[in-house]
Amino acid sequence: MDFNIAVIPGDGIGPEIIREARKVLDAVGAKYGHSFSYTEVLMGGVSIDATGVPLTDEALQTAKNSDSVLLGAVGGDVGKTSWYDLAPNLRPEAGLLAIRKGLNLFANIRPAILFNELKSACPLREDIIGDGFDFVVMRELTGGLYFGDRCTREVDGLRTATDTLVYNENEIARIARKAFEIARKRRKKVCSVDKANVLDSSRLWRQVTKEVAEEYPDVELTDMLVDNCAMQIVKDPRQFDVILTENMFGDILSDEASMVTGSIGMLASASLGESKLGLYEPSHGSAPDIAGQNKANPIATILSAAMMLRYSFELDKEADIVEAAVKEVLKKGYRTIDIMSPDKSLVGCDRMGDLIADEI
Ligand code: NAD
């Protein structure tokens, strides 16, 4: 089959990790007779430098016309680049918000899997880890605090800032359905996370999620307050299957989930909407501190490409092969610096990509 992928290398380590993910996709294509063609799209700081804005309408249109989008990362060192002297809607990260909104991607899925081979990198105690954990954080992406009206003005002589957190019932119901559908393919448990003891938006979230749950009687729904969830992820991560939550809570909890798996360089993510087109990207940022040094771990991006094979192209077998290749390379003892431990072989970004592609 033929697939047209819009690739957005972005800034910092973005181009390095995207190069390795393409290598792996090409190995999959060669083995299974698929053809992946790539159209490069500018976004983030590189787009600001070239066009003055973080995402042009043409770039967004190219992404919309593709079968799926693979993104590296955008952004630079705040304080060190002039990108952050610009208005917030013209900064690199505004490109991210614009593409998610433009593609109508409302559900972000971040798997938090503790790979057996990387147990020693997990900061949690062995009795907490047990035989490992595997859960996903599903975060609402296009509503909530990051998209509500905001302003800073003077009130009674004091500089006063206001952000608004808005959700309507349709926005909650559509992501709840995605969570229940994903849970059906897993261990059939959804934990909906909110702050219903304080926020009206959370009370509506809880109510609508319960209504949607009636359509999925085979899936168990529980509710948890976000502060408790932050504790439970480090106290007993094995209890979770699918964590469903709104935009800002999900932003924070998914980063916490990243860290309990050991390394941010291992964590993939998918952003989905109603159609098959998705945006696949590592959970980490552009890591300007190691950019251009061949030190980046490309595995999160490679596993994101595997999610693209599974969710957008319905190539489950090919996705399984990529995930197995990653595990095999780790089992053989190869590590990038972020996951390095004694007695293992240190490799750079490009060699890690080669090893995984060779394994396929
Ligand atoms: P970061 O994730 O880029 O880096 C945090 C730390 O993790 C750094 O020490 C970095 O070297 C390390 N790291 C990250 N990815 C790695 C990898 N693949 N291999 C090895 N080490 C890795 O977060 P940050 O430093 O807070 O942000 C840097 C820039 O990235 C900022 O401009 C930020 O706005 C942007 N950002 C972009 C995205 C995105 O594009 N989706 C997400 C988060 C942050």
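First listed ligand is number 1; within each ligand, the first listed atom is number 1.
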Check: Taking atom types as modelled, is there a side-chain donor on Trp83 or Asp11 under 3.5 Å from an acceptor on the other?
Finding: no
Closest heavy-atom approach to atom 4 (O) of ligand 1 among Gly44, Pro282, Gly14, Ala287 is made by Ala287
Exercise for review: Classify the angle between the aromatic ring planes of Phe180 and Tyr216 as parallel (below 30°), tilted (30 to 60°) or perpendicular (above 60°).
Suggested key: parallel
Taking atom types as modelled and ignoring hydrogens, do the side chains of Glu140 and Tyr146 form a donor-acceptor contact shorter than 3.5 angstrom? no
Closest to atom 11 (O) of ligand 1 by heavy-atom distance, out of Ile17, Asp289, Ile13, Thr301, is Asp289
I'd like to know if the side chain of Ser271 pairs up with that of Asn108 as donor and acceptor (distance under 3.5 Å, no hydrogens or angles considered).
yes
Counting only non-hydrogen atoms of the protein, does one fall under 4.0 Å from atom 27 (O) of ligand 1? no
Under 4.0 Å from one or more heavy atoms of Tyr84, ligand 1 contributes atoms 32 (O)
Checklist entry - Do the ring planes of Phe135 and Phe240 sit parallel (below 30°), tilted (30 to 60°) or perpendicular (above 60°)? => result tilted
- request: Answer yes if the side chains of Gln61 and Asn65 hold a donor-acceptor pair under 3.5 Å, and no otherwise.
  value: yes
All heavy atoms of Ala296 vs all of Ile17, minimum pair found to be CB-CG2, 4.0 Å
A student checking ligand 1 against Glu93 at a 4.0 Å heavy-atom cut-off should list atoms 31 (C), 32 (O), 33 (C), 34 (O), 35 (C)
The atoms of ligand 1 lying under 4.0 Å from a heavy atom of Glu281, numbered in the order shown, are 41 (N)
For Val74, the atoms of ligand 1 under 4.0 Å from one of its heavy atoms are 30 (O), 35 (C), 36 (N), 37 (C), 40 (O)
Open item on the list: Looking only at the side chains, is there a donor atom on one of Gln232 and Asn228 sitting less than 3.5 Å from an acceptor on the other?
Closed with: yes
Cut-off 3.5 Å, side chains only: do Asp26 and Tyr38 have a donor facing an acceptor?
yes
Ranked by distance from atom 7 (O) of ligand 1, the top protein heavy atom is Ile264 CG2, 3.8 Å
Quick note on ligand 1: atoms under 4.0 Å from a heavy atom of Ile290 include exactly 11 (O), 20 (C), 21 (N)
Filtering Ile339, Asp338, Ile337 for the heavy atom nearest atom 20 (C) of ligand 1 leaves Asp338
Please say whether His284 places an N or O atom under 3.5 Å from an N or O atom belonging to ligand 1. yes
Of Asp251, Thr164, Leu165, the one forming a side chain to side chain contact (heavy atoms under 4.5 Å, CB included) with Leu145 is Leu165
(message) If you count every heavy atom of other residues, nucleotides or ligands that lies below 6.0 Å from Glu169 atom CD, does the total exceed 12?
(response) no
Checklist entry - Within a distance of under 4.0 Å, is there any protein heavy atom near atom 36 (N) of ligand 1? => result yes
the protein heavy atom lying closest to atom 17 (C) of ligand 1 turns out to be Asn297 N, 3.6 Å
With heavy atoms and a 4.0 Å threshold, my read on which part of Pro288 contacts ligand 1 is side chain
The atoms of ligand 1 lying under 4.0 Å from a heavy atom of Gly75, numbered in the order shown, are 32 (O)
Here the atoms of ligand 1 under 4.0 Å from any heavy atom belonging to Leu96 are 39 (C), 40 (O), 41 (N)
Ligand 1 to Ala296, heavy atom cutoff 4.0 Å, flagged ligand atoms 19 (N)
Closest heavy-atom approach to atom 43 (C) of ligand 1 among Gly265, Ser269, Ser283, Gly285 is made by Gly285
Heavy-atom proximity to atom 30 (O) of ligand 1 ranks first, among Ala300, Ser286, Gly12, for Ser286
Atom 31 (C) of ligand 1: closest protein heavy atom, distance to 0.1 Å, is Gly76 O, 3.4 Å
Leu221 and Ser192 have their tightest heavy-atom pair at CD1-CB, 4.0 Å
query = Have Asp67 and Asn4 got a donor and an acceptor in their side chains that come within less than 3.5 Å?
reply = no
Taking both backbone and side-chain atoms of Ala73, is any N or O found less than 3.5 Å from an N or O belonging to ligand 1? no
